[in-house]
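Below is one structure, written out as structure tokens, with a few remarks after it.
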Amino acid sequence: MTHLWVRAEQRPNEERVGLTPAGAAELVKAGIRVTVERSSVRAIPIDGYIAAGCEIADENLWPKAPADAIIFGLKELPEDGTPLTHRHIMFGHAYKGQPAGQVLLKRFKAGGGTLYDLEYLVDETGRRVAAFGYWAGYAGAAVSLKTWAAQQRGELVGPVAKYPGKQALLDDLAKDMAGMGRPRAIVIGALGRVGTGASDLCSALGVAVTKWDMAETASGGPFPEVLEHEIFLNCILARPGCPVFVPASAKTDPRKLTVIGDIACDPTSDFSPIKVYDRATDWAAPALRVAEEPPLDVTAIDNLPSLLPVESSEDYAAQLLPSLKGLVELEAGVWGRAKAEYDHHSAAL
């Protein structure tokens, strides 16, 4: 019997989960054994999983799970260097040259486990079957607007925290921006899930958006238009061949740009299109100031959907559920393609 083990998230400020109680009930009905760890932080209570027929395990017990269990989580595992013996479904961030990702792959190789990277679960056309993109874009644009509003007060934006829902986030932003004019934003990747979320948030706050996608960036750059907007929201994943949208010279070039929201957030990738910063930011310090007069702040939080943990979890879980039902045929379809991706990259170590 296929055994899916949903682990508790161990990263700070991570309350999302990739399987809801309703989805768990469907998996159990389909003959899949589902174990869910208790969690002190998960946005969705454990009671629903109990009612769905799941087995319940103590928090962070996954290293002792049965050898045939498939461990399912979202964000990073503890960086303790231990060999990984299980099959893991998670966001590995390991295939684009990231240093931490290389360490992760070596742990899998040492333990004989397998990474099924959620970013590489794709259909026959190469399109991802599930993504947090819309809510990443929505929350990323919100943090960028908060950063801009703080600049208008002569400040660096302070810590951010989760919201109970979308309306609470909009109300908070409206309060932050009360009495201020509105900046102009340019969104690159505007036709995708991330860009749509970012554009929707901006529109809800009365921010004019210039929407660019592949057609507008096909020339390969440079793109002086980016510097003519107060806010730039990058919604393009870093991949080979990705053009540079903000060169290192932007720190000193004449510009109106004062906020970069790198929603894709891959600063350590060799292919990052933003060359003015080199590390992610976090909830405690959402923005990194990289230039003065005028200021240039970069926001690059890599778990943005966690600002809206319930809505983003429900949306993502609904997208992923059909693929989770397919775990009974792990060598086929999306899982077979993800395994091939892992084999390719682990072989290159």
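The analysis underlying the following values was restricted to heavy atoms, covering all of them including side chains, and did not include hydrogens, waters or symmetry mates.
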What are the two closest heavy atoms between [X] and [Y], and how far apart are they?
X	Y	result
Ala185	Cys202	CB-SG, 4.3 Å
Leu19	Ala24	CD1-N, 3.6 Å
Val129	Ser323	CG2-OG, 3.6 Å
Leu118	Gly73	CD1-O, 3.8 Å
Leu324	Gly18	CD1-O, 4.4 Å
Gly189	Cys235	O-CB, 4.1 Å

Cluster check [X], [Y]: I/L/V/M/F/W/Y, side chain < 4.5 angstrom:
X	Y	value
Val122	Phe72	no
Val226	Met214	no
Leu121	Leu4	yes
Leu321	Tyr116	yes
Tyr95	Leu77	yes

Is it the case that over 12 heavy atoms from other parts of the model lie below 6.0 angstrom from the [atom1] atom of [X]?
X	atom1	answer
Glu329	CD	no
Lys96	NZ	yes
Glu79	CD	no
Arg153	CZ	yes
Lys106	NZ	no

Under 3.5 Å, side chain of [X] to main-chain N/O of [Y], donor-acceptor pair present?
X	Y	answer
Arg255	Ala250	yes
Asp213	Ala215	no
Glu119	Gly92	no
Ser313	Val17	yes
Arg182	Met180	yes

Just by distance, no angles: are the side chains of [X] and [Y] close enough, under 3.5 Å, to form a donor-acceptor pair?
X	Y	result
Trp5	Glu55	no
Ser306	Arg16	yes
Thr258	Glu230	no
Thr210	His229	yes
Arg107	Thr82	yes
Tyr163	Asp172	yes
Trp148	Asp297	no

Charged N-O contact under 4.0 Å between [X] and [Y]:
X	Y	value
Asp343	Lys339	yes
Arg11	Glu9	no
Arg42	Glu59	no

Enter the distance from [X]:[atom1] to [Y]:[atom2] here, rounded to the nearest 0.5 Å.
X	Y	atom1	atom2	result
Ile274	Asn234	CD1	CG	4.0 Å
Ile236	Asp266	CD1	CG	13.0 Å
Leu233	Asp262	CG	CG	10.0 Å
Leu349	Gln102	CG	CD	6.0 Å
Asn13	Leu304	CG	CG	11.5 Å
Ser312	Leu307	OG	CG	9.0 Å

Inset, instruction - Using the side chain to side chain contact (heavy atoms under 4.5 Å, CB included) rule, take Lys256 and Leu227 through it: C-alpha gap first, then chi angles, then the decisive distance, then the call. - result: CA-CA 6 Å; Lys256 296 178 181 176; Leu227 303 186; over 6 Å; no

Using a 4.5 Å cut-off on heavy atoms from C-beta on, say whether the side chain of [Y] contacts that of [X].
X	Y	result
Val103	Leu105	no
Arg289	Gln151	yes
Asp200	Thr196	yes
Trp212	Val187	no

Inset, instruction - Using the six-membered ring wherever Trp is involved, compare the ring planes of Phe91 and Phe132 and label them parallel, tilted or perpendicular (cut-offs 30° and 60°). - result: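 Aromatic pair Phe91/Phe132 classed tilted.
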
Inset, instruction - Just say parallel, tilted or perpendicular for the rings of Tyr120 and His345, cut-offs at 30° and 60°. - result: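 The rings of Tyr120 and His345 sit tilted, inter-plane angle from 30° to 60°.
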
Legend entry - Worked verdict on Asn303 versus Lys75 for side chain to side chain contact (heavy atoms under 4.5 Å, CB included): CA-CA 8 Å; Asn303 63 336; Lys75 300 302 286 186; 4.3 Å; yes

Inset, instruction - Run the numbers on His88 and Phe108 for ring pair (Phe, Tyr, Trp, His ring centres under 6.0 Å), then give the verdict. - result: CA-CA 9 Å; His88 282 257; Phe108 274 109; 5.6 Å; yes

Inset, instruction - Could you go through the side chain to side chain contact (heavy atoms under 4.5 Å, CB included) check for Ile188 and Thr217 one step at a time? - result: CA-CA 8 Å; Ile188 298 185; Thr217 59; 4.0 Å; yes

Legend entry - Chi angles and distances behind the side chain to side chain contact (heavy atoms under 4.5 Å, CB included) call for Ile186, Val209: CA-CA 6 Å; Ile186 182 168; Val209 181; over 6 Å; no

